[in-house]
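See structure below.
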Amino acid sequence: MARSKSKTRIERPARAERAQATSGEDAPNPVWFKPVMFGFMLLGLVWIIVFYVSQNQYPIPALGAWNILVGFGIAFIGFLMTTRWR
């Protein structure tokens, strides 16, 4: 009597799970990832606050109003890191 292909083939889910874990896509983030992510967001916020409180004297006086863009850029790096957080 002929056997069906679905009964003769043995599926091994453990092998598939190991392949997914080693692919790197679903791997957890390193320990340093979350503090660095929040650090960038807070650093950007502090940069902008210092710029406004010091009345354009700090953090870098030569940049002038571009300090706002620098602060938002630093914070934006932190927000971009949230897309890779697992």
Side-chain angles (χ1 to χ4, degrees):
M1 191 175 250
R3 294 183 183 176
S4 67
K5 289 183 180 181
S6 64
K7 289 184 180 180
T8 58
R9 178 177 274 176
I10 298 172
E11 293 293 323
R12 297 184 182 192
R15 180 180 289 175
E17 289 174 8
R18 275 188 267 140
Q20 287 178 351
T22 58
S23 67
E25 292 179 15
D26 294 331
N29 294 111
V31 176
W32 56 266
F33 192 84
K34 190 166 49 168
V36 170
M37 177 182 69
F38 287 120
F40 274 125
M41 287 188 269
L42 290 174
L43 180 64
L45 178 64
V46 167
W47 190 288
I48 294 169
I49 290 172
V50 166
F51 174 72
Y52 278 118
V53 169
S54 70
Q55 297 178 356
N56 306 344
Q57 301 254 339
Y58 297 106
I60 302 175
L63 290 179
W66 286 98
N67 278 305
I68 297 170
L69 185 65
V70 171
F72 277 118
I74 293 170
F76 187 67
I77 291 170
F79 285 115
L80 285 178
M81 289 178 73
T82 61
T83 63
R84 305 291 284 169
W85 184 22
R86 293 189 187 358

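Owing to the predicted nature of the structure, the values given are computational and were not obtained by experimental measurement. Just the heavy atoms: all of them, side chains too, but no hydrogens, waters or symmetry mates, feed the values below.
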Exercise for the section: Give a yes or no on whether Phe40 and Val70 share a hydrophobic cluster (residues Ile, Leu, Val, Met, Phe, Trp, Tyr; joining criterion: side-chain heavy atoms under 4.5 Å apart). Expected result: yes
Problem - Leu69 reachable from Leu63 in the ILVMFWY side-chain graph, under 4.5 Å edges - result: yes
Fill in the blank from the handout: Interatomic distance, CH2@Trp85 vs CG@Asn29, rounded to 0.5 Å, equals 9.0 Å
Practice task
Answer with yes or no whether the hydrophobic clustering places Met37 together with Phe72; edges join I, L, V, M, F, W, Y residues whose side-chain heavy atoms lie under 4.5 Å apart.
Solution key: no
Exercise for the section: Search all heavy atoms of Pro35 against all heavy atoms of Trp32 and return the closest pair with its distance. Expected result: CD-O, 3.3 Å
Handout entry: Common cluster, Ile74/Ile60, ILVMFWY with side-chain heavy-atom separation under 4.5 Å
Key = yes
Practice task
First locate atom CG of Leu42, then atom CD1 of Ile49, and finally report the distance between them rounded to the nearest 0.5 Å.
Solution key: 9.5 Å
Problem - Cluster link Phe79 to Phe38, ILVMFWY, side chain under 4.5 Å - result: yes
Exercise for the section: Hey, could you give me each pair passing side-chain hydrogen bond (donor to acceptor under 3.5 Å, both in side chains) that has a residue in residues 46-55? Not counting sequence neighbours. Expected result: Trp47-Asn67
Handout entry: Phe33 atom CZ: more than 12 heavy-atom contacts under 6.0 Å
Key = yes
Handout entry: Side-chain touch Met41/Thr82, heavy atoms, less than 4.5 angstrom
Key = yes
